[in-house]
Amino acid sequence: MSVIAVGSFLPPPPPYRRIKPRFTTMVSLRSDAVSVAETSSILRKLKEECATPLPVLRQVADAMSADMRAGLAAAHGLPMIPSFVEDLPTGNEKGLFYALDLGGTNFRVLRVQLGGKDERVVATDFDQVSIPPQLMSATCEELFDFIALGLAKLAAKDDDRLNLSPGKKGEIGFTFSFPVRQTSIDSGILVKWTKGFAVSGAAGRDVVACLNEAMERQGLDMRVSALVNDAVATLAGAEYWDNDVAVAIILGTGTNACYVEQIDAIPKLQGHVSSSGKMIISTEWGAFSKRLPLTEFDRAMDAASINPGEQIFEKTISGMYLGEIVRLVLLEMAATGELFGKSIPENLYTPFILGTPDLCAMQQDNSGDLQGVGSLLYDKARVESTFSARKTVLEVCDTIVKRGGSLAGAGIVGILQKMEEDSKGVIFGKRTVVAIDGGLYENYPQYRTYMQDSVKELIGSEKSNNLVIEHSKDGSGIGAALLAASNSMYKHDF
Ligand code: ADP
Ligand code: MG
């Protein structure tokens, strides 16, 4: 059967329509007294609509579990993409393996010498290059030649610690985070490019075949053993060090979650023969949309996006969007004339002028007069701010970040409780690890705290003692190499 694997990332800022705040033309008519009330009423309404009290979190978690189930049956619900990864790393993997990662702005290539249970990762070597912009609209051959060349360069480097067994081909784990229709562990048809890529002649083709042809042109005799997305690679990488890892989450520009599922709990894979009886399922939870506390600002952002109505959970919780939601709120507040005086800072009309790292930087400002918030607002919006305006801006940031982190936590509980319902005790009856990677989770302490608080509130302190949420930093590179090992064409006993 064929399934559509939707990549966990979205395109970079598209040519957004300029969203005019409702009050723009009225600014000069308003007295300050009216504006003060208006600004605070915008904030009050925002806080009410973004609130995530326990009943809301519970509904989101329950709806997530239900949508996972529906997706596994292929009825409706989440995409729930079978990854065809059926064997997780055991720790016994031995030999030299490669990993390629094409997904965001960077292309990474890694090689790792695995030494089995005792030695584990003996040596690694990696290269990272940003993808030249012109390649994003080049031909399929040009893009894959670039990848194969990067691989060839790394493979050609002499390193005593990194050795391929005589007579064996180099094997590759390929992390490719674009929408792929996957039918086996080592093949997948590109459905469409995202994230600003417009490479001609690749859509509808097997990306593994494209890479194989490019490697042949480079005279490289290597083979792709595993094609995966970044969440799946992260799970594999984390599981290698800790057998209790059951779930992996990406919280970066976009978001995705995957987990280990029993084959007989996947109705849409009926008849699939599996030796392990398990498979990693990529939930594609960014597509989730039920019971979310959304506002007019979310709706405006969605309407102006290149994929209106899609990826609503992703648009509420992931790094690409949190800053943009805050910008829309500030624009509306500015239009009341109070936040930044009588004029609306022109820069605030520019989509994505505020990034999530900006919200994060402002929230780390501990100075008494919020000097850091003031200078960031000046840098980004070219606007002088009063102390009271800075405090309001911080409250807006906190409201949006709290909602995002809390909902991410509810999503995690949704996955855990679905697994627990299927097999009592498998999650909450023992130590369970959720591995998380991505720039948003890694760099935003408030987001992390809100997420953890939400998980704890939902499952209670007793169960949360057994639950470990850990940062699996860059685990996806080693993870992809490990999956190349477990799916090696050569006979192995790991
Ligand atoms: P990708 O998801 O493209 O693979 P990363 O996992 O590196 O990329 O995450 C990058 C994203 O993380 C950025 O788009 C941004 O939203 C978020 N991010 C990066 N740095 C910070 C920061 N300091 N504070 C908050 N968010 C950040
Ligand atoms: Mg990434």
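Both counts, for ligands and for their atoms, begin at 1 and track the order of listing. Heavy-atom basis, side chains included; hydrogens, waters and symmetry copies ignored.
- Against a heavy-atom cut-off of under 4.0 Å, G438 is close to the following atoms of ligand 1: 6 (O).
- Checked by atom type, the side-chain pair T52/R403 shows no donor-acceptor distance below 3.5 Å.
- Side chains of T255 and E314: no donor on one and acceptor on the other come within 3.5 Å.
- For Y444, no nitrogen or oxygen atom sits less than 3.5 Å from a nitrogen or oxygen atom of ligand 1, counting backbone and side chain alike.
- The ring-ring contact (aromatic ring centres under 6.0 Å, His included) analysis of residues 222-247, with sequence neighbours excluded, yields no pairs.
- Residue contacts with ligand 1, taken as heavy atom pairs separated by less than 4.0 Å, involve C360 solely via side-chain atoms from C-beta onward.
- For ligand 1, the atoms sitting less than 4.0 Å from at least one non-hydrogen atom of G252 are 2 (O), 6 (O), 9 (O), 11 (C), numbered in the order shown with element in parentheses.
- Side-chain rings of F144 and F146 stay apart, their centers remaining 6.0 Å or farther from each other.
- Taking all heavy atoms of T356, D437, L359, D474 into account, the minimum distance to atom 26 (N) of ligand 1 is reached by T356.
- Against a heavy-atom cut-off of under 4.0 Å, G319 is close to the following atoms of ligand 1: 16 (O).
- Aromatic pair Y447/Y441: ring centres not closer than 6.0 Å.
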